[in-house]
Amino acid sequence: MQKLPSSFYNRENVLQISKELLGKFLVTKIDGIKTSGMITEVEAYAGVIDRASHAYGGRRTDRTEIMYAKGGTAYVYLCYGIHHLFNVVTNKKEIPHAILIRALEPVEGISDMMLRRKKSKFDYTLTKGPGALSAALGIQVNKTGSSLHGNTIWIEDRGIKIPTKKMVVSKRIGVEYAGSDAALLYRFYIRDNPWVSRHPK
DNA sequence: GAGTAGATCCTCT
DNA sequence: GAGGATCTACTCA
């Protein structure tokens, strides 16, 4: 059990990093409550050449500035006015790669996750989907720019390795506006794991 | 079980 | 002033 080093995030191949994130553990300690879960589903956003990315074409605004930070930084933003989506920034400074964490399997602090999600019953919707898992772990937009080497949000390697044959590759979700880039196979999830948001159309 | 509308607000044009 | 890397509840069958 150890935090992923900066050398994990600073690599250039965002697809490779995405695959390796499956089976890792996302941990947060927010408001004094520790919660964690195993990552089961991710999507890669390949920066300036990816029309689905906020940083497409080198677009740079107050919001996307975080994506240009060095690997190992949290990029959180608000979607549809309601949902906080959590991304991991990868690659070197000035290269705006990011990986969206879409789903995870809850491990620690499940009762607190249920409180945050206002759920009385434990079911698969607890951390299935990017907006849901952020709410469960207490991640909000004010955490954007946080370092993943600090003591608020981080990712641990607990010795679990997902074999390639257990991985499924597919199109990303909800990016129809990205034109031909919507067809890119940039989504990865663990085969037969119930904690996966949904199947692509 | 499948399909759809509403919530809700920050960011960029 | 429009729209989005979503989720849930509600309708209809």
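Because the structure is a prediction, the values reported are computed rather than measured. Just so it is clear: chains get the letters A, B, ... in the order the sequence lines come, proteins before strands, and each one is counted from 1.
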Discussion item. Distance check needed: B/dC10 P versus A/Asn142 CG, whole Å only.
Written reply: 12 Å
Worksheet item: Is A/Tyr80 stacked on the base of B/dA7, meaning ring centres closer than 5.5 Å and planes within 30 degrees of each other?
Response: no
Item to complete: Assign the ring pair A/Trp195 / A/Phe122 to parallel, tilted or perpendicular, where the plane angle (0 to 90°) is split at 30° and 60°.
Response: tilted
Discussion item. Main chain of A/Phe188, side chain of A/Glu41: is a donor-acceptor contact present, judged purely on distance under 3.5 Å?
Written reply: no
Item to complete: Measure from the side chain of A/Cys79, starting at C-beta and using heavy atoms only, and say which of C/dA5, B/dT8, C/dT8 lies closest.
Response: C/dA5
Worksheet item: Roughly, in whole Å, what's the span from NE2 in A/His84 to P in C/dT6?
Response: 14 Å
Worksheet item: Which nucleotide sits closest to the side chain of A/Tyr75: B/dT11, C/dA5, B/dT8?
Response: C/dA5
Item to complete: Return no unless some side-chain N or O of A/Tyr77 is found under 4.0 Å from OP1 or OP2 of B/dC10.
Response: no
Practice prompt. Mind checking A/Ala52 for me? I need base, sugar-phosphate or nothing, with any heavy atom below 4.0 Å counting as a touch.
Written response: base
Worksheet entry | Base paired to B/dA5 (Watson-Crick or G-U; both N/O distances under 3.5 angstrom) | C/dT8
Item to complete: Please state how far atom CZ in A/Phe86 lies from atom C1' in C/dT6, giving the value in whole angstrom units.
Response: 17 Å
Worksheet item: Rounded to whole angstroms, how far apart are CD1 on A/Ile82 and P on B/dT11?
Response: 16 Å
Fill in: OP1 or OP2 of C/dT8 under 4.0 Å from side-chain N/O of A/Arg117
yes
Discussion item. Using the rule that Ile, Leu, Val, Met, Phe, Trp and Tyr join whenever any side-chain heavy atoms are under 4.5 Å apart, tell me whether A/Val169 and A/Val14 fall into a single cluster.
Written reply: yes
Worksheet, complete the sentence: Considering only heavy side-chain atoms of A/Thr125, the closest of C/dT8, B/dT13, B/dA7 is C/dT8
Practice prompt. Both distances under 3.5 Å, Watson-Crick or G-U wobble: report the partner of B/dC10, or none.
Written response: C/dG3
Worksheet item: Under 4.0 angstrom, heavy atoms only, what part of the nucleic acid is A/Gly81 near: base, sugar-phosphate, or nothing?
Response: base
Worksheet item: What is the distance, rounded to the nearest whole Å, between atom NE2 of A/His54 and atom P of C/dG3?
Response: 16 Å
Worksheet item: So, does A/Arg117 use its side chain to make a donor-acceptor pair with the main chain of A/Thr125 at under 3.5 Å?
Response: yes
Worksheet item: So, is A/His83 close to the C/dA5 phosphate, meaning a side-chain N or O under 4.0 Å from OP1 or OP2?
Response: no
Practice prompt. Might you work through the ring pair (Phe, Tyr, Trp, His ring centres under 6.0 Å) test for A/His54 and A/Tyr45, ending with a clear yes or no?
Written response: CA-CA 9 Å; A/His54 293 157; A/Tyr45 285 84; 7.5 Å; no
Fill in: Proximal nucleotide (of B/dT11, B/dC9, B/dT13) relative to the A/Leu78 side chain
B/dC9
Worksheet item: To the side chain of A/Tyr177, which of C/dA5, B/dT13, B/dA7 is closest?
Response: C/dA5
Fill in: Interatomic distance where OH belongs to A/Tyr56 and P belongs to C/dG4 [whole Å]
16 Å
Worksheet item: Tell me: CZ of A/Arg172 to P of C/dA5, nearest whole Å?
Response: 11 Å
